[in-house]
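One structure is given here, and the rest of the page talks about it.
Because the structure is predicted, anything quoted here is derived from the model rather than measured. Order of the sequence lines sets the chain letters (A, B, ...), proteins ahead of strands, with each chain counted from 1.
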Amino acid sequence: MPEGPSLYILKELLAGFAGQEIARASGNVRAIDPARLVGQRIDAIHTWGKHLLIETQAMVVRVHFLLFGTYRINEGREGKTPRLSIETTGGDVLNLYACQVREIDRATYTAYDFSADVMSEAWDPKKARKKLRAQPDLLACDALLDQDIFSGVGNIIKNEVLFRIRVHPLSTMGALPAPKLRRLVDEARQYSFDFLAWKRAYVLKQHWLAHAKRTCPRCHIPFVKQNLGKTNRRSFYCERCQKRYA
DNA sequence: AGGAGTGTTGTGGT
DNA sequence: CACCACAACACTCC
């Protein structure tokens with residue numbers, strides 16, 4: 001479930017929840033008391049990268065699906081207790097499973113910078129480039145996973161973007177030629193929207209060119225599969241097609 | 001059966 | 001203090 005485009009889909013599905021009052025709330029969440037949500041009107045549902053934000057007058061709840069989180073709308077999962085379940089007076093139900101639920105304070109909520117969210121209308125590529133240039137030692141594989149720069153980008157998008165732009169994951173930001181750095185930023189957003197379209201059509205996986213693949217579709221040599229960078233996440237790359245700038 | 005993975009956070013060590 | 005390795009969380013699929 002986790003990357004930004006999936007949250008974007010969820011936000012759309014939840015559009016009808018805004019303005020509704022919460023009639024019931026329950027779940028095995030420990031960080032908040034679901035009962036506090038009862039009687040609250042949902043003022044807004046937002047996403048920022050991989051965060052789902054549910055705003056009411058009294059509180060803002062942040063949901064993160066991490067690696068395993070899932071949700072159901074107007075249905076439940078057989079034999080599974082939701083982490084958090086919210087039912088509106090209108091009869092709509094949101095069930096959240098295996099996710100991290102937290103309350104955040106108003107200041108934190110207000111401070112969310114949507115210009116860093118690759119799925120947002122407010123996405124600002126210029127700011128992203130500036131952040132990248134400010135960290136010349138930052139590796140490409142780590143840069144794309146940095147949620148303060150590319151909020152919403154996850155490991156799949158990382159691998160696909162680097163393959164598309166033919167950049168080796170261990171390239172440093174300082175060594176990337178300006179047009180490449182620009183492409184990295186632009187493709188992070190572009191691929192995220194391609195991801196969105198493919199996810200909607202249930203054809204995402206078949207469009208992967210690099211992630212979890214064994215062979216380079218361009219030159220047909222085996223991909224290197226290695227955990228790289230500070231983030232130490234799986235990277236799939238072609239040593240021939242993807243140039244290492246360092 | 002065992003292991004790995006679309007992710008993040010906290011802890012403890014160096 | 002910075003950086004790291006590792007554990008924990010919790011679920012599905014191969």
Side-chain angles (χ1 to χ4, degrees), chain A residues 1-11 27-32 47-53 61-72 75-85 95-105 108 112 116-119 134-139 141-164 169-170 172 187-214 223-237:
Chain A
M1 158 68 196
E3 301 197 29
S6 301
L7 270 287
Y8 188 93
I9 291 170
L10 174 56
K11 177 174 63 175
N28 59 21
V29 57
R30 314 199 106 213
I32 64 163
T47 55
W48 178 85
K50 302 164 189 170
H51 296 190
L52 173 68
L53 302 165
V61 175
R62 190 198 90 172
V63 179
H64 199 304
F65 290 94
L66 300 175
L67 214 46
F68 310 122
T70 54
Y71 63 86
R72 293 290 187 278
E75 61 177 15
R77 297 182 66 203
E78 189 73 25
K80 304 278 184 186
T81 303
R83 174 72 23 90
L84 179 62
S85 176
N95 288 317
L96 303 164
Y97 303 89
C99 51
Q100 180 187 74
V101 176
R102 294 183 169 183
E103 179 175 10
I104 58 171
D105 58 41
T108 305
Y112 268 88
D117 181 349
V118 294
M119 301 306 295
Q135 299 180 71
D137 296 332
L138 184 62
L139 301 176
C141 57
D142 290 331
L144 280 162
L145 292 175
D146 187 328
Q147 300 300 295
D148 292 326
I149 305 175
F150 297 108
S151 171
V153 169
N155 208 35
I156 297 170
I157 298 174
K158 174 198 82 178
N159 282 317
E160 294 296 320
V161 166
L162 291 176
F163 181 72
R164 272 191 177 183
L170 294 178
T172 60
E187 208 58 60
R189 177 167 167 94
Q190 180 56 51
Y191 186 84
S192 295
F193 278 90
D194 290 344
F195 183 124
L196 172 65
W198 291 328
K199 183 91 183 173
R200 279 190 168 130
Y202 304 101
V203 293
L204 174 63
K205 215 170 184 174
Q206 69 196 58
H207 282 90
W208 289 350
L209 298 178
H211 185 77
K213 304 305 259 187
R214 303 186 63 161
F223 271 126
V224 178
K225 171 188 172 183
Q226 224 173 1
N227 285 37
L228 298 178
K230 272 186 202 186
T231 46
N232 198 34
R233 302 290 303 281
R234 284 201 305 170
S235 288
F236 298 86
Y237 63 95

Return the nearest nucleotide to the side chain of Leu66(A); candidates are dT9(B), dC9(C), dT6(B).
dC9(C)
Single hit among Arg233(A), Lys225(A), His211(A), Arg164(A) for side-chain hydrogen bond (donor to acceptor under 3.5 Å, both in side chains) with Asn159(A)
His211(A)
Please tell me which of the listed nucleotides, dT9(B), dA10(C), dG7(B), lies nearest to the side chain of Arg83(A)?
dA10(C)
One pair to check against side-chain hydrogen bond (donor to acceptor under 3.5 Å, both in side chains): Arg62(A) and Gln100(A). What are the steps and the verdict?
CA-CA 8 Å; Arg62(A) 190 198 90 172; Gln100(A) 180 187 74; 2.8 Å; yes
Sticking with atom P, work out how far dA1(B) lies from dC9(C), rounded to a whole angstrom.
22 Å
With DNA chain C as reference, determine whether Phe68(A) or Lys205(A) sits nearer its 5' end, using the nearest nucleotide of each.
Phe68(A)
Nucleotide nearest Pro2(A) when distance is taken to its side chain, options dG10(B), dT6(B), dC11(C)
dT6(B)
Evaluate the side-chain hydrogen bond (donor to acceptor under 3.5 Å, both in side chains) criterion for residues Lys50(A) and Ser6(A): first the C-alpha distance (whole Å), next the side-chain angles of each, then the deciding distance (0.1 Å), finally the verdict.
CA-CA 8 Å; Lys50(A) 302 164 189 170; Ser6(A) 301; over 6 Å; no
Using a 4.0 Å heavy-atom cut-off, does Arg30(A) contact any base of the nucleic acid, only the sugar-phosphate backbone, or nothing at all?
nothing
Residue pair Arg234(A) / Asn227(A), side-chain donor-acceptor N/O under 3.5 Å:
no
Counting heavy atoms from C-beta on, name the nucleotide in dT8(B), dG5(B), dT9(B) closest to the side chain of His64(A).
dT8(B)
Regarding the side chain of Gln100(A), the nearest nucleotide among dG7(B), dT9(B), dA10(C) is dT9(B)
Phosphate OP1/OP2 of dT6(B): any Arg234(A) side-chain N/O under 4.0 Å
yes
Measuring only the P atom in each nucleotide, how far is dC6(C) from dA4(B)? A whole number of Å is fine.
14 Å
Give Lys80(A) one of three labels, base, sugar-phosphate or nothing, depending on what nucleic acid heavy atoms sit under 4.0 Å from its own.
sugar-phosphate
Counting Watson-Crick and G-U wobble pairs only, both distances under 3.5 Å, name the nucleotide matched with dA10(C), or none.
none
Pairing donors with acceptors under 3.5 angstrom, does anything connect the side chains of Asp137(A) and Thr172(A)?
no
Minimum-distance nucleotide to Leu67(A) side chain [options: dT9(B), dG5(B), dA10(C)]
dG5(B)
Between Lys50(A) and dT6(B), is there a contact of a side-chain N or O with OP1 or OP2 at under 4.0 Å?
no
Would you kindly compare Tyr97(A) and Lys230(A) by the position of their nearest DNA chain C nucleotide and give the one closer to the 5′ end?
Lys230(A)
